Amino acid sequence: MRTQVGIIGAGPAGLLLSHLLHLRGISSVVLERRSRAYVEQRVRAGVLEQGTVDTLIASGVGDRLQREGLLHHGIELRYGGAGHRIAFEKLVPGRAITVYGQQEVVKDLIAARLAAGGDIRFEIDDVAVHSLENDPYLTFGGERLDCDVIAGCDGFHGISRPTIPDGVLTTYERDYPFAWLGILARVAPSSEELIYARNERGFALHSMRSPVISRFYLQVPPDAELGDWPDERIWAELAARLETVPGFTLSTGEIIERGVTPMRSFVAEPMQYGRLYLAGDAAHIVPPTGAKGLNLAVADVRVLTEALAAYFADGSAAALDAYSETCLTRVWRAQHFSWWMTTLLHTFDSDDAYGRKLQTSYLDYVTTSEAAATTLAENYVGLPFSA
Ligand code: APR
Ligand code: PHB
């Protein structure tokens, strides 16, 4: 078998890449370890930047997103007994976010690829990458797939990044002393916009998926186990951390999904080696505060698509050679933003009174200075893509 681009992983990165390449007349095969049902149901973050929405609409996969996505023009920062709105319409006019689950994006992309005759193979758990320097190929299930290039879109735990020889990559990492317990609940949101709450008990986030489904997160210890978090404890903790402003009551409902997400910042540089290009979580991850993960994957894939289109049009490799360098500017901006939002809102060492004072000082600054609020807003809605 032969294809132009062999893609490992059917997350948002791999699927969008396959879709955008198809629109440019470039062939690809996507190899995914999990089942279709699994990837379509995997609950992840749900905040799309303006540029992500624009990319999906412009490439013809934005119909359901435009119908069902919730357009938000602000977020609330809640701390010290008060809520403070970061008003996108005033601070970054014309830019907003859309709340739409990541797995809905995945469903829409799979449907579009299959409708166009795309080749996505699920439940392939033995992909191996060969000959990265020249004439690369993939093997799986006793078959061989020759490719011009390989795209490693297989997430943080995938196999493509580890196939790069030792000594090539430099990695940068930060661990956080907590995790997020996330739930999806059958209950109308208690707020029209997302609430990021700093609380002595730990951070809490109120998000949503639809007028009848809410999404919540609680800062928990890094080794938290779901068994220690029965429904009553989750709701009581959410109420304790969110019901801190007069007149706000948290509505509760049936919990329909739950999970614990570790928090980590990670970047591997360069995001390429030989004929292998890494995109999305395979190359970098951010803590979910600020919801940049999916949006960064989309940004990488846009750059890779343009570079591959130039390469397959006339053999020019300049953009491909510069792929990592082009992506990393945005990657590091999002790394900083996600680290900063995390640092601003979570409870670290409870003995660190000085750190707590710094947090309060910065929160006060962000909620009273238009310049500081604009910094948050323009990063949150996402910086524009370069031309
Ligand atoms: N072979 C084939 N597929 C694999 C392998 C493998 N060895 N290892 C992992 N995969 C698949 C995973 O099952 C998953 O479907 O690669 C896919 C990677 O998808 P994501 O983890 O969703 O990563 P990405 O597409 O880069 O999207 C980034 O995902 O983790 C979130 O917060 C992150 O929202 C961001 C987004
Ligand atoms: C979500 O809705 O899942 C979500 C929203 C905002 C975040 C992270 C996750 O910062």
Side-chain angles (χ1 to χ4, degrees), residues 6-18 29-36 38-49 52 69-70 72 75 97-106 109-110 120-129 138-141 150-163 180 182-184 189 193-196 203-210 213-217 257 259 261-264 266 271 278-301 304 334 337-338 341-342 345 380:
I7 301 175
I8 311 173
L15 291 166
L16 181 64
L17 179 63
S18 178
V29 175
V30 181
L31 303 174
E32 165 61 47
R33 185 160 60 106
R34 304 284 194 167
S35 68
R36 178 176 176 184
Y38 184 93
V39 299
E40 290 191 339
Q41 275 149 37
R42 185 166 45 193
V43 179
R44 295 270 187 73
V47 171
L48 309 186
E49 293 178 357
T52 296
L70 309 169
H72 284 206
I75 55 168
I97 53 148
T98 299
V99 178
Y100 188 68
Q102 175 171 315
Q103 81 270 34
E104 305 306 323
V105 175
V106 165
L109 286 167
I110 290 176
I120 311 175
R121 309 201 185 182
F122 293 99
E123 297 178 68
I124 305 286
D125 62 5
D126 61 348
V127 180
V129 178
L138 297 170
T139 53
F140 58 95
I150 293 171
C153 302
D154 48 353
F156 183 65
H157 299 287
I159 51 109
S160 37
R161 192 181 65 252
T163 62
W180 274 17
I183 65 160
L184 208 54
E193 294 179 337
L194 273 63
I195 304 170
Y196 286 82
F203 169 74
L205 172 59
H206 181 353
S207 182
M208 60 210 67
R209 286 294 177 271
S210 78
I213 303 282
S214 299
R215 176 98 174 129
F216 296 96
Y217 298 95
E257 196 272 342
T261 314
M263 307 276 280
R264 193 189 280 116
F266 173 90
M271 295 167 55
L278 304 176
D281 277 19
H284 43 71
I285 48 177
V286 286
T289 332
K292 290 291 165 224
L294 165 66
N295 296 293
L296 267 190
V298 169
D300 289 350
V301 163
L304 188 52
F337 179 68
S338 306
M341 284 280 280
T342 303
L345 293 163
Y380 197 91

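Counting starts at 1 for both ligands and their atoms, following the listed order. Since the structure is predicted, the reported quantities are computational estimates derived from the model, not experimental observations. Throughout, numbering of the chain's residues begins at 1 and tracks the sequence.
Those atoms of ligand 1 that come under 4.0 Å of a heavy atom in Gly158, given as number and element, are 8 (N). Atoms of ligand 1 lying under 4.0 Å from any heavy atom of Arg42, numbered from 1 in the order shown and given with element: 12 (C), 13 (O), 14 (C), 15 (O). Each of the following atoms of ligand 1 lies closer than 4.0 Å to a heavy atom of Cys153: 16 (O), 17 (C), 18 (C). Listed by number with element, the atoms of ligand 1 under 4.0 angstrom from any heavy atom of Leu31 are 2 (C), 3 (N). Short contacts between ligand 1 and Gly11, defined as distances under 4.0 Å to a heavy atom of the residue, involve ligand atoms 15 (O), 17 (C), 19 (O), 22 (O), 25 (O). Listed by number with element, the atoms of ligand 1 under 4.0 Å from a non-hydrogen atom of Ile159 are 7 (N). Using a 4.0 Å cut-off to heavy atoms of Val39, the atoms of ligand 1 that qualify are 15 (O). Below 4.0 Å from some heavy atom of Arg34 lie the following atoms of ligand 1, by number and element: 13 (O).
Pairing each heavy atom of Pro12 with each of Leu294, the nearest pair is CB-CD1, 3.2 Å.
Remark: ligand 1 and Leu294 share an N or O pair separated by less than 3.5 Å (distance only, no angle test).
At the top of the distance list for atom 9 (C) of ligand 1, counting protein heavy atoms only, stands Asp154 O, 3.1 Å. Of all protein heavy atoms, the one lying nearest to atom 11 (C) of ligand 1 is Glu32 OE1, 3.2 Å. Protein heavy atom closest to atom 5 (C) of ligand 1, with residue, atom name and distance, is Arg33 NE, 3.6 Å. The single protein non-hydrogen atom nearest to atom 25 (O) of ligand 1 is Ala13 N, 2.9 Å, given as residue, atom name and distance.
Proximity of Asp281 to ligand 1, defined as any heavy-atom pair under 4.0 Å, is shared by backbone and side chain alike. When heavy-atom distances to ligand 1 are checked against a 4.0 Å cut-off, Pro288 has no atom that comes that close, whether in backbone or side chain. Using a 4.0 Å cut-off between heavy atoms, Ile8 contacts ligand 1 through its side chain alone, with no backbone atom that close.
Among pairs with a residue in residues 278-289, none fulfils salt bridge (charged side-chain N to carboxylate O under 4.0 Å, His left out), at least two apart in sequence or across chains.
Asp126 places a side-chain N or O within 3.5 Å of a backbone atom of Gly141 that can act as its donor or acceptor partner. At least one donor-acceptor pair closer than 3.5 Å links the side chain of Thr163 to the backbone N or O of Ser160. Judged by distance alone, with hydrogens and angles left aside, the side-chain atoms of Ser18 form no donor-acceptor pair with the main-chain N or O of Gly14 at under 3.5 Å. Lys292 places no side-chain N or O within donor-acceptor distance of the main-chain N or O of Ile285, the cut-off being under 3.5 Å. A donor-acceptor pair is defined here as one N or O able to donate and one able to accept, closer than 3.5 Å; such a pair exists between the side chain of Asp154 and the backbone of Ile159. Under the 3.5 Å distance criterion, the side-chain polar atoms of Arg209 are left unmatched by any main-chain donor or acceptor of Arg215.
Residues Val286 and Phe337 are not in side-chain contact: their nearest non-hydrogen atoms beyond the backbone lie 4.5 Å or more apart.
Comparing Gly9, Pro12, Gly280 against atom 27 (O) of ligand 1, the shortest heavy-atom distance belongs to Pro12. For the residues Gln103, Arg121, Gln102, Arg44, the heavy atom positioned nearest atom 34 (O) of ligand 1 is part of Gln102. Considering only non-hydrogen atoms, atom 32 (O) of ligand 1 lies nearest to Gly293 out of Gly293, Ala10, Ser160.
Here the CE-CD distance, from Met208 to Glu193, works out to 8.0 Å after rounding to the nearest 0.5 Å. Atom OH of residue Tyr380 and atom CD1 of residue Ile97 lie 4.5 Å apart, to the nearest 0.5 angstrom. Interatomic distance, Cys153 SG to Leu31 CG, rounded to the nearest 0.5 Å: 11.0 Å. Here the CG-CD1 distance, from Leu278 to Ile150, works out to 11.0 Å after rounding to the nearest 0.5 Å. Atom-to-atom distance recorded for Arg161:CZ and Phe266:CZ is 4.0 Å, nearest 0.5 angstrom. To the nearest 0.5 angstrom, Ser207 atom OG is 7.5 Å from His72 atom NE2.
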Nitrogen or oxygen contacts under 3.5 Å, ligand 2 side and protein side:
from: ligand 2; atom 1: 2 (O); to: Ser207; atom 2: OG; distance (Å): 2.6
from: ligand 2; atom 1: 2 (O); to: Arg209; atom 2: NH1; distance (Å): 2.8
from: ligand 2; atom 1: 2 (O); to: Arg209; atom 2: NH2; distance (Å): 3.4
from: ligand 2; atom 1: 3 (O); to: Gly46; atom 2: N; distance (Å): 3.4
from: ligand 2; atom 1: 3 (O); to: Arg209; atom 2: NH2; distance (Å): 2.8
from: ligand 2; atom 1: 3 (O); to: Tyr217; atom 2: OH; distance (Å): 2.6
from: ligand 2; atom 1: 10 (O); to: Tyr196; atom 2: OH; distance (Å): 2.7
from: ligand 2; atom 1: 10 (O); to: Pro288; atom 2: O; distance (Å): 3.0
from: ligand 2; atom 1: 10 (O); to: Gly290; atom 2: N; distance (Å): 3.0
from: ligand 2; atom 1: 10 (O); to: Ala291; atom 2: N; distance (Å): 3.4

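Not close to ligand 1: Ala45, with no non-hydrogen atom less than 4.0 angstrom away.
Taking the six-membered ring where tryptophan is involved, the planes of Trp180 and Tyr217 are tilted, since the angle between them lies from 30° to 60°.
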